[in-house]
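Have a look at the structure below before the remarks.
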Amino acid sequence: MANINKKGFQYIWAFSSEKTIFKMSEAVSPYLEINSECLNKSNLQNKSEIEVNPYLRFNDLFSDFNYNFGKFISFGKFAKEIEKENRRNSFGLENNYEIKKVYMEIYSKIFDASMKYLQKLDFISGTTIIDIYLEKISEEIREGVYGREISKEFRKLSEEDKNSISLLLYNFISYHRQWSKIFEVGIKIFFKDSIIYQNRNRNSEVIVYINKEGTSINKSKIKILKCLFVPVDFDVKCYWKEHFGVIDVKETSKIGEIGVF
């Protein structure tokens with residue numbers, strides 16, 4: 001879990017040294033948690049101070065904190081009060097900046113302690129970079145990045161099924177898996193006793209037998225798999241519960257238990 005690099009992306013749990021000091025990054029990147037000029041270098045692990053963008057994963061926590069505390073340091077009310085005091089009494093300039101410096105030191109210590117606490121929570125919860133990717137993918141699906149129809153069907157699923165879809169999409173994007181392989185794995189994850197055929201008379205048609213009822217949830221799973229992974233010029237035809245008849249296979253040719261092909 002503590003691998004330092006993963007395609008250039010790094011997180012606070014990658015730094016195990018207690019001597020490491022986490023600082024709020026002055027130039028925050030919207031895509032990276034660790035902000036540094038030597039982002040992809042192994043010697044980043046040896047740096048004593050690490051610049052962090054806390055908003056990537058902890059936006060709710062630090063937005064309120066920075067608004068209520070940070071404005072008294074240099075960006076808001078506290079800075080304005082110093083400026084007013086300086087106009088009234090020029091002899092107090094040095095003392096005012098000294099006070100401001102103290103506030104900044106307090107803020108830095110609170111920030112460092114907070115990030116170290118969150119770092120420990122990451123380790124305890126077993127968070128890995130894959131977990132973070134999957135969380136982002138799941139969020140994008142819900143927000144309609146992959147289409148409104150997929151988002152609508154995705155919201156119907158359980159959290160476990162959502163994670164499965166996100167993992168399939170992660171493997172499809174990251175490792176350039178063939179759509180047919182990802183689709184097959186997805187079918188097997190959701191419907192263990194399923195069988196996938198390809199129509200010999202029509203190469204662009206995939207036939208799926210699923211030994212379950214065609215409930216609304218099950219149909220949502222198929223619809224998501226089809227929309228995400230199956231090329232638009234392919235058709236997916238599902239047989240629910242009852243298998244279509246196959247010549248010389250008695251198990252598929254029972255009266256009352258045959259699906260119409």
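Position 1 is the first residue of the sequence, and the numbers go up from there. These numbers come from a predicted model, not from an experiment.
No side-chain heavy atom of Asn53 sits under 4.5 Å from any side-chain heavy atom of Phe62. Taking 4.5 Å as the limit, some side-chain heavy atom of Trp240 sits within range of a side-chain heavy atom of Lys219. Side-chain contact check for Tyr133 versus Ser174: every heavy-atom pair is 4.5 Å or farther apart. Contact of the Asp193 side chain with the Tyr209 side chain is not registered, since no non-hydrogen atoms from C-beta on lie closer than 4.5 Å. The side-chain heavy atoms of Leu225 and Val230, taken from C-beta on, include no pair separated by under 4.5 Å.
Atom CD of Glu135 sits in a sparse spot, with 12 or fewer heavy atoms from other residues, nucleotides or ligands closer than 6.0 Å.
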Item to check | Audit row: Lys23, Ile50, side chain to side chain contact (heavy atoms under 4.5 Å, CB included) steps and yes/no | outcome: CA-CA 6 Å; Lys23 293 178 61 179; Ile50 302 296; over 6 Å; no
Next on the checklist: Pair Ser138, Phe154 - check side chain to side chain contact (heavy atoms under 4.5 Å, CB included), show working.
Outcome noted: CA-CA 9 Å; Ser138 181; Phe154 188 75; 3.6 Å; yes
Next on the checklist: Glu153 vs Lys156, test: salt bridge (charged side-chain N to carboxylate O under 4.0 Å, His left out). Steps then yes/no.
Outcome noted: CA-CA 6 Å; Glu153 302 299 334; Lys156 298 177 184 178; 3.2 Å; yes
Next on the checklist: Run Ile189 and Val185 through side chain to side chain contact (heavy atoms under 4.5 Å, CB included) and show every step you take.
Outcome noted: CA-CA 6 Å; Ile189 287 175; Val185 171; 3.9 Å; yes
Next on the checklist: Set out, in order, the CA-CA distance, both residues' side-chain angles and the distance that settles side chain to side chain contact (heavy atoms under 4.5 Å, CB included) for Met24 and Tyr55, then state yes or no.
Outcome noted: CA-CA 10 Å; Met24 170 75 80; Tyr55 303 111; 3.8 Å; yes
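The structure places CG of Asn163 at 11.0 Å from CD1 of Ile137, a figure rounded to the nearest 0.5 Å.
Using a distance-only test at 3.5 Å, with no hydrogens or angles considered, a donor-acceptor pair links the side chain of Asp112 to the main chain of Phe22. The backbone N or O of Ile150 sits nowhere less than 3.5 Å from a side-chain atom of Lys223 that would complete a donor-acceptor pair.
In summary, Lys162 and Glu159 engage in a salt bridge, as defined by a charged side-chain N under 4.0 Å from a carboxylate O.
Residues Glu205 and Phe234 approach most closely at N-CD2, 4.3 Å, considering heavy atoms. For the residue pair Tyr146 and Ile141, the shortest heavy atom distance occurs at CD1-CG1, 3.7 Å. Considering all non-hydrogen atoms of both residues, Ile222 and Cys238 come closest at CG2-SG, 3.7 Å. Between Val52 and Met115, the closest heavy-atom pair is CG1-CE, 3.5 Å. Listed here is the closest heavy atom pair of Asn218 and Glu213: ND2-O, 2.9 Å. Of all the heavy atoms in Val208 and Val236, the pair that sits closest is CG2-CG1, 4.2 Å.
Using cut-offs of 30° and 60° on the angle between ring planes, the pair Trp179 and Phe183 is tilted.
In this structure, Ile173 is not a member of the same hydrophobic cluster as Val232, with clusters built from ILVMFWY side-chain heavy atoms closer than 4.5 Å.
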